[in-house]
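Reviewing the structure listed below.
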Amino acid sequence: MNPDATHRRRIRRLRAALLEWYHANRRDLPWRRSRDPYAIWISETMLQQTRVETVIPYYERFLERFPSVDVLADADEDDVFSAWAGLGYYSRARNLHRASKQIASDHGGELPRSVAALRALPGIGRYTAGALASIAFDAPEPIVDGNVVRVLTRLHGIREDTAIRSVIDRLWDEATLLARGESPGDLNQALMELGALVCTPRTPDCAACPLVRSCNAHARGDAEELPIKTKKTKPLPMEAACASIERRGKLLATRRPEKGLMAGMWELAGGDLLPDEAPEEGFHRALRERTGLAVKRAESIGEIGHAFTHRTLRLHVFRCGPPTGRIRLRGPTAHRWVSRIELERLALGKATLKALALLDEHRR
């Protein structure tokens, strides 16, 4: 990857235009006010597959609760999950916690500076390593995320499926060429910011783009058709049932396995329904199989819907009295009898929060 003199001049022009635009138009985001590698790491992890507006309050609360690597490493995993609850993709929280322990033990509580060392940490892939190295440590390392893919495919007129390995490699090569030079962190953020604010998926604002004169897709008039992506598979439907099971004023909560959907999260007792299984029948079966408990009657409260990345959930919600039997967990990794307030302090997924809201509405 040794560009000739003409290509090098073009890259310099593109870099200059991007940096000038970014310094004049960048959003004032809380993580951009910090040079602390830890804070930047938290922001980059939260921003994966999550909108900026959603991340900001979580980021601020998380840093207030866990202000350093050492504090995060010493924290209980349930506390970390609780602070993360609502952001989704909970493996990110688990990897953050695991990586913080590794940083504390192997790197003296300081994030390593090299891409190779960063990528050796749980949850840090090629993109996050490049973002941390460039933004936190001013290293000329590239990044390629969804926004960058959109900018680069349009800029260079890449009209092939971006899931193809050769196309992915080319995008990283182009990003690498742009990252080489002054202010690589700002340059990388400029690419992402341009994709977020100007070079948008629909109706890109080409008139406001600093790269418009060099943009192949603008010249060809097919910017909205790029990038070319493999069509996503349709989410698979699933049905489950859960219940508010009370005993002496306490509710039963169970914790999901460490792997799989909503790994490690707490939820109301219940489980998945079998194909064509009636909701109440399935609830009684799942409760018995997963906890060893039984209830005489389950009052149907209603149902809620929730969409995951690859699944759509229809969750039937019940309310029950005191159970009989003895706790024998098969599937859940832990259980607790907790008050309503204590339940809210656990790491709960959005589907469980929706179920609790439905139960609260029924009580009122």
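We're numbering straight along the sequence, starting at 1. The shown structure was predicted, so the numbers you read here are calculated from the model rather than taken from an experiment.
- A ring-ring contact (aromatic ring centres under 6.0 Å, His included) with W31 is found for one member of Y59, W41, Y38 and no other, namely Y59.
- In the model, K354 has a side-chain atom that pairs as donor or acceptor with a side-chain atom of H306 under 3.5 Å.
- F137 and L187 are assigned to two separate hydrophobic clusters, defined by single-linkage of ILVMFWY side chains at heavy-atom distances under 4.5 Å.
- The cationic atom of R256 (NZ for Lys, CZ for Arg) does not lie both less than 6.0 Å from the six-membered ring centre of W266 and within 45° of the ring axis.
- The NE2 atom of H335 sits 6.5 Å away from atom CG of L329, with the distance rounded to the nearest 0.5 Å.
- The pair R119-E141 does not meet the salt-bridge criterion, since no charged nitrogen lies less than 4.0 angstrom from a carboxylate oxygen.
- Heavy atoms from other residues, nucleotides or ligands lying under 6.0 Å from CZ of R33 number more than 12.
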Given R340 and D360, is the salt bridge (Lys or Arg N to Asp or Glu O under 4.0 Å) satisfied, shown in steps?
-> CA-CA 10 Å; R340 183 66 171 79; D360 288 344; 2.6 Å; yes
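- Summarising the local packing, CG of D76 is surrounded by more than 12 heavy atoms from other residues, nucleotides or ligands at distances under 6.0 Å.
- When atom types are taken as modelled, the side chain of T291 and the backbone of I327 share no donor-acceptor pair closer than 3.5 angstrom.
- Here N147 pairs with D145, R150, A196 under the side chain to side chain contact (heavy atoms under 4.5 Å, CB included) rule; sequence neighbours left out.
- Ion pair E281/R285 not flagged as a salt bridge, since none of the NZ, NE, NH1 or NH2 atoms sits closer than 4.0 Å to an Asp/Glu carboxylate oxygen.
- Heavy-atom contacts from other residues, nucleotides or ligands closer than 6.0 Å to CD of E53 number more than 12.
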Return a table of donor-acceptor pairs under 3.5 angstrom between the side chains of residues 200-214 and protein atoms on other chains or two or more places apart.
residue	atom	partner	partner atom	Å
T200	OG1	R202	O	3.0

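- A cation-pi geometry, defined here as NZ or CZ lying under 6.0 Å from the six-membered ring centre and within 45° of its normal, holds between R61 and Y58.
- Heavy-atom contacts from other residues, nucleotides or ligands closer than 6.0 Å to NE2 of H310 number 12 or fewer.
- At most 12 heavy atoms of other shown residues, nucleotides or ligands fall within 6.0 angstrom of atom CD in E20.
- A donor-acceptor pair under 3.5 Å is formed between the side chain of R15 and the backbone N or O of L178.
- Minimum interatomic distance between S100 and V69 (heavy atoms only, all atoms of both residues): O-CG1, 3.6 Å.
- A salt bridge links D78 to R336: one of the charged nitrogens lies within less than 4.0 Å of a carboxylate oxygen.
- One N or O on the side chain of R255 and one on the backbone of G264 form a donor-acceptor pair closer than 3.5 Å.
- Atom CZ of R27 is surrounded by more than 12 heavy atoms from other residues, nucleotides or ligands within 6.0 Å.
- Within a 6.0 Å radius of CD in E60, other residues, nucleotides and ligands contribute more than 12 heavy atoms.
- A cation-pi arrangement, defined by a distance under 6.0 Å to the six-membered ring centre and an angle within 45 degrees of its axis, is present between R126 and W172.
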Taking it one step at a time, do D222 and R159 satisfy salt bridge (Lys or Arg N to Asp or Glu O under 4.0 Å)?
-> CA-CA 10 Å; D222 63 349; R159 295 175 176 82; 2.7 Å; yes
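- Ion pair E258/R94 flagged as a salt bridge, since at least one NZ, NE, NH1 or NH2 atom sits closer than 4.0 Å to an Asp/Glu carboxylate oxygen.
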Worked check of side chain to side chain contact (heavy atoms under 4.5 Å, CB included) between V167 and D161 = CA-CA 7 Å; V167 176; D161 190 338; over 6 Å; no
Show your reasoning for whether salt bridge (Lys or Arg N to Asp or Glu O under 4.0 Å) applies to R10 and E174.
-> CA-CA 12 Å; R10 183 172 187 264; E174 297 290 356; 5.9 Å; no
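- Without hydrogens or angle criteria, H23 side chain to L19 main chain gives a donor-acceptor distance under 3.5 Å.
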Take R314 and E303 through the salt bridge (Lys or Arg N to Asp or Glu O under 4.0 Å) test and state the conclusion after the steps.
-> CA-CA 7 Å; R314 184 183 179 192; E303 62 185 56; 2.8 Å; yes
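- Judged purely by distance below 3.5 Å, without hydrogens or angles, the side chains of R32 and Q189 pair a donor atom with an acceptor atom.
- When the side chains of ILVMFWY residues are joined at heavy-atom separations under 4.5 Å, either directly or via intervening members, M46 and V80 end up in a single hydrophobic cluster.
- Residues T128 and Q48 bring a donor and an acceptor atom of their side chains to less than 3.5 Å of each other.
- Under the rule for a side chain to side chain contact (heavy atoms under 4.5 Å, CB included), the partners of Q102 that lie at least two apart in sequence or sit in another chain are D106, L121, P122.
- Around the CD atom of E110, the shell of radius 6.0 Å holds no more than 12 heavy atoms that belong to other residues, nucleotides or ligands.
- F62 and W84 have perpendicular rings, their planes meeting at more than 60° on a 0 to 90° scale where under 30° would count as parallel.
- One N or O on the side chain of S68 and one on the backbone of V71 form a donor-acceptor pair closer than 3.5 Å.
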